[in-house]
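Below you'll find the structure, written out as structure tokens, and then a few comments.
Scope of the values below: all heavy atoms of this structure, side chains included, with no hydrogens, waters or symmetry mates. Each chain gets a letter, A, B and so on, in the order its sequence line appears, and its residues count up from 1.
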Protein chains: 2
Amino acid sequence: MVDMAENIKMTRQRRVILDILDRCETHPSADELYDLVRKKLPKISLATVYRNLDALSEAGLVRKLEFSGCQKRFDKTVLDHYHIRCQACGKIEDLPSEPGRGIERKFLPQTEFEITGHNLELIGICPDCRRKVR
Amino acid sequence: MVDMAENIKMTRQRRVILDILDRCETHPSADELYDLVRKKLPKISLATVYRNLDALSEAGLVRKLEFSGCQKRFDKTVLDHYHIRCQACGKIEDLPSEPGRGIERKFLPQTEFEITGHNLELIGICPDCRRKVR
DNA sequence: ATAAATGCAAAACGTTTGCCATCGG
DNA sequence: CCGATGGCAAACGTTTTGCATTTAT
């Protein structure tokens with residue numbers, strides 16, 4: 001099931017994108033990434049960033065995070081994990097516990113659909129924002 | 001916690017939107033709703049549909065569903081429930097089991113965030129699409 | 001050499017806004 | 001009557017596309 005299709009041309013722009021995501025603790029959106037990449041490759045175009053994020057996520061080298069009601073964000077591919085998003089500032093943090101099939105099993109008897117996966121995102125208020133409100 | 005703020009002007013366009021959502025088994029997107037509403041009110045504008053869906057969901061009369069990586073969809077407000085989405089055709093179906101705080105409690109010790117909620121969506125293949133692939 | 005990837009500009013997409021006219025309470 | 005709402009068109013933010021040029025393999 002793991003797609004090891006790394007038959008992907010390794011261009012300068014892709015190397016830079018991967019490099020940034022590798023050393024990046026955050027989960028940048030495409031335009032944030034674009035700003036970061038432009039520091040190394042000032043004339044890269046935003047379209048290239050989008051195209052490459054698509055290509056790299058198809059190749060399994062980055063993960064595309066699609067959250068509800070906001071921009072897509074990107075991640076270097078590591079172990080599968082859940083995320084929590086701050087409802088105030090949008091910041092996204094990893095959660096340590098790894099997803100299992102337990103949730104999907106629970107819903108099996110409730111639907112005619114063939115269940116293939118699930119998305120779980122926690123919503124909360126991050127420590128920074130909590131401090132501000134106080 | 002339940003926002004009973006129904007101090008909302010009941011206009012013709014809002015009545016029609018509510019009416020359609022009431023008799024609607026599906027979870028239409030704003031533009032699908034726009035097409036449906038136009039059968040009754042041919043000169044309503046899409047902006048009005050959007051503004052009213054906002055207003056009505058603020059008033060607690062409809063629910064705005066924000067799924068990952070796709071258009072918002074709308075729902076008459078009833079009991080809280082999860083959804084499953086077909087990865088092939090995008091169709092959304094309700095799941096009977098009601099969300100609890102159990103999931104949030106589980107993640108409490110894993111984060112510094114103050115957890116305020118969660119989104120869970122199941123992904124699958126609906127019976128219709130499964131038939132087609134066969 | 002050649003298929004794939006780039007940069008650029010323009011389009012597409014879903015959604016929101018500003019404006020002034022109209023309507024509902 | 002007055003403030004809330006409507007219709008319209010234009011703007012918006014994000015993402016995609018067409019096309020001629022360049023690049024990696």
- Message: I want to verify a distance call: between dC8(D), dT15(C), dT6(C), whose nearest atom is closest to the Lys43(B) side chain?
- Response: dC8(D)
- Task: Go along nucleotides 18-25 of chain D 5' to 3' and tag each nucleotide: B for a protein heavy atom under 4.0 Å from its base, S when only backbone or sugar atoms are that close, - otherwise.
- Result: B----BBS
- Query: Taking the side chain of Ala30(B) as its heavy atoms from C-beta onward, which of dT15(C), dG7(D), dG6(D) lies nearest to it?
  - Reply: dT15(C)
- Round to a whole Å and report the spacing from CD1 of Ile44(A) to P of dA5(C). 14 Å
- Task: Starting at atom CD of Glu58(A), determine the distance to atom P of dT16(D), rounded to an integer number of angstrom.
- Result: 12 Å
- Does the side chain of Gln71(B) get closer than 4.0 angstrom to OP1 or OP2 of dT15(C) through an N or O atom? yes
- Within this structure, what is the CG-to-C1' distance between Asn52(B) and dG7(D), rounded to whole angstrom? 12 Å
- Message: Main chain of His27(B), side chain of Arg73(B): is a donor-acceptor contact present, judged purely on distance under 3.5 Å?
- Response: yes
- Item | Leu65(B) CG to dG14(C) C1', straight-line distance once rounded to whole Å | 16 Å
- Message: I'd like to know if Asp54(B) pairs up with Arg51(B) as an ion pair, taking the criterion as any Lys NZ or Arg NE/NH1/NH2 lying under 4.0 Å from an Asp or Glu carboxylate oxygen.
- Response: no
- Message: Quick check for you: to the nearest 0.5 Å, what is the distance between His83(A) atom NE2 and Asn119(A) atom CG?
- Response: 10.5 Å
- Spacing between Phe67(B) atom CZ and dT15(C) atom C1', to the nearest angstrom: 18 Å
- Figure out the CG/P separation between Asp54(B) and dA4(D), and round it to whole Å. 17 Å
- Message: In the structure I gave you, are the side-chain heavy atoms of Val49(A) and Gln13(A) within less than 4.5 Å of one another anywhere?
- Response: no
- Check every strand shown and say whether Asp31(B) touches a base, only sugar-phosphate, or nothing at a heavy-atom separation below 4.0 Å. nothing
- Item | Rounded distance in Å - OH (Tyr50(B)) to C1' (dA9(D)) | 16 Å
- Message: So that I know where these two stand, are His118(A) and Phe107(A) an aromatic pair - ring centroids less than 6.0 Å apart?
- Response: no
- Query: Just checking Leu46(B): base, sugar-phosphate only, or nothing, at a heavy-atom cut-off of under 4.0 Å?
  - Reply: base
- Please give, in whole Å, the distance from dT15(C) P to Tyr34(B) OH? 14 Å
- Message: Please evaluate residues Leu33(A) and Leu21(A) with respect to the criterion side-chain contact (heavy atoms from CB on, under 4.5 Å), reporting the C-alpha separation (whole Å), side-chain torsions for both, the decisive distance (0.1 Å), and the verdict.
- Response: CA-CA 8 Å; Leu33(A) 214 27; Leu21(A) 281 178; 4.2 Å; yes
- From the options Ile92(A), Leu122(A), Ile123(A), select the one residue that forms a side-chain contact (heavy atoms from CB on, under 4.5 Å) with Ile84(A). Leu122(A)
